[in-house]
Amino acid sequence: MGEFWPVPDTLAYLAGLWRAERTVRDLASGDEGRFAGTVEFGPLEDGGLLYQESGDFTWRGVTRPAERTLRFLRGPDGTADVRFADGRFFHGLDLGSGRHIADHPCSADLYRGEFTVRDADHWRTVWRVRGPAKDLELVTDHMRVSMP
């Protein structure tokens, strides 16, 4: 199967509880931060999944609680539409080949995400953010804790 693990149904694969470890690097300043916590993909009434991330983020020696909520809605043929908590579109997600690239423009900056599935219990996201306001790389490794 090669380097990536194909996923026929994105939402079925993601459902459950994951441990998440993220490194955030500011490529302009050289600063580096870390996030450690959990991501839970729980059911939504419409058949999608609610992504709830919570943990601790350490930046420049200061650790603070961090949370994020997204909505993963069922797309065609096993794909997903990822939306912010307020319903705005973020990006599509198709893990059918085990790898997906997504772009999200945010003001004058561009977020480019690469999603890779390694096996049934490990996947990674790498977001590269470039523009006048940001020059960042965010790498998150997800390890399955439990299935629904």
Side-chain angles (χ1 to χ4, degrees), residues 1-26 31-107 109-130 133-134 136-148:
M1 278 190 273
E3 185 178 352
F4 308 117
W5 199 71
V7 173
D9 185 332
T10 297
L11 295 185
Y13 174 77
L14 294 173
L17 183 64
W18 300 82
R19 186 167 37 104
E21 296 176 359
R22 178 177 304 126
T23 301
V24 179
R25 290 188 315 138
D26 183 324
D31 289 338
E32 189 170 297
R34 298 210 179 277
F35 170 86
T38 59
V39 172
E40 183 171 9
F41 286 90
L44 285 170
E45 286 182 20
D46 62 8
L49 294 173
L50 183 66
Y51 169 107
Q52 294 180 294
E53 177 181 285
S54 62
D56 293 314
F57 181 57
T58 303
W59 185 255
R60 296 182 177 157
V62 178
T63 301
R64 294 191 170 104
E67 296 181 345
R68 180 172 199 182
T69 300
L70 297 169
R71 299 169 60 85
F72 282 61
L73 306 180
R74 187 162 300 283
D77 302 322
T79 65
D81 283 337
V82 182
R83 302 199 172 256
F84 293 105
D86 64 7
R88 288 177 299 124
F89 181 77
F90 186 10
H91 61 83
L93 184 58
D94 180 356
L95 297 177
S97 70
R99 180 174 184 259
H100 181 80
I101 304 291
D103 286 340
H104 175 75
C106 183
S107 297
D109 296 327
L110 177 66
Y111 286 67
R112 170 159 283 172
E114 179 181 15
F115 299 76
T116 54
V117 180
R118 299 297 181 197
D119 59 37
D121 298 318
H122 299 89
W123 61 285
R124 169 181 272 195
T125 60
V126 177
W127 283 99
R128 182 70 171 88
V129 187
R130 293 183 184 175
K134 297 175 184 165
L136 303 172
E137 182 181 68
L138 298 85
V139 178
T140 307
D141 287 305
H142 300 84
M143 290 78 44
R144 188 181 300 278
V145 174
S146 66
M147 296 180 79

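Considering Arg25, Arg130, Arg128 in turn, Arg25 is the only one that fulfils the side chain to side chain donor-acceptor pair (under 3.5 Å) rule with Glu137. Shown are Leu44, Thr79, Leu49; of these, the side chain to side chain contact (heavy atoms under 4.5 Å, CB included) with Leu73 is made only by Leu44.
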Glu21 and Met143: side-chain contact (heavy atoms from CB on, under 4.5 Å), yes or no, with the steps? CA-CA 9 Å; Glu21 296 176 359; Met143 290 78 44; 4.0 Å; yes

Evaluate side-chain contact (heavy atoms from CB on, under 4.5 Å) for Asp9 paired with Arg74, printing each intermediate quantity in order. CA-CA 9 Å; Asp9 185 332; Arg74 187 162 300 283; 3.2 Å; yes

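Side-chain contact between Val117 and Phe4 is absent, with no heavy atoms from C-beta onward closer than 4.5 Å. For the pair Val126 and Thr116, the minimum side-chain heavy-atom distance is 4.5 Å or more. The closest side-chain heavy-atom distance from Val24 to Phe35 is not below 4.5 Å. Using a 4.5 Å cut-off on side-chain heavy atoms (C-beta onward), Arg68 and Phe84 make contact. No side-chain heavy atom of His91 sits less than 4.5 Å from a side-chain heavy atom of Tyr111. In this structure, His142 and Thr140 have side chains that are in contact, with non-hydrogen atoms separated by less than 4.5 Å. Asp141 has its side chain out of reach of His122: every pair of non-hydrogen atoms, C-beta onward, lies at least 4.5 Å apart.
Remark: Arg112 does not engage Glu114 in a salt bridge, criterion side-chain N to carboxylate O under 4.0 Å.
Counting heavy atoms of neighbouring residues, nucleotides and ligands inside a 6.0 Å radius, atom CG of Asp86 exceeds 12 of them.
No side-chain N or O of Arg19 forms a donor-acceptor pair with one of Thr38 less than 3.5 Å apart.
In this structure, CG in Leu110 is found 9.0 Å from CH2 in Trp127, a value given to the nearest 0.5 Å. To the nearest 0.5 Å, the span separating CZ on Arg88 from CZ on Arg83 amounts to 11.0 Å. Within the model, atoms CG of Asp81 and CG of Asp94 stand 11.0 Å from one another, a figure rounded to the nearest 0.5 Å.
Heavy atoms only, all atoms of each residue included: Asp26 and Leu136 are closest at CA-CD2, 3.6 Å. Shown here for Gly33 and Phe57, the closest heavy-atom pair between the two residues is C-CE1, 4.2 Å. Looking at every heavy atom in both residues, Tyr51 comes nearest to Val39 through CE1-CG1, 3.3 Å. Looking at every heavy atom in both residues, Leu11 comes nearest to Gly48 through CD1-CA, 4.1 Å. Counting all heavy atoms, side chain and backbone alike, Ala102 lies closest to Gly92 at CB-O, 4.0 Å. Nearest heavy atom pair, residue Gly96 against residue Pro6, reads O-CB, 3.2 Å.
Between the side chain of Asp56 and the backbone N or O of Thr63 there is no donor-acceptor pair closer than 3.5 Å. Side chain of Arg144 to backbone of Ala120: a donor-acceptor contact under 3.5 angstrom is found. A distance-only check finds no donor-acceptor pair linking the side chain of His104 to the backbone of Gly113 [under 3.5 Å]. Using a distance-only test at 3.5 Å, with no hydrogens or angles considered, a donor-acceptor pair links the side chain of Thr10 to the main chain of Gly78.
The aromatic rings of Phe72 and Phe41 lie perpendicular to each other, with more than 60° between the two planes, well past the 30° mark. The aromatic rings of Trp123 and Trp18 sit perpendicular to each other, their planes meeting at more than 60°, with 30° as the lower class boundary.
Annotation: cation-pi pair Arg71/Phe90 absent, no NZ/CZ under 6.0 Å from the ring centroid and within 45° of its normal.
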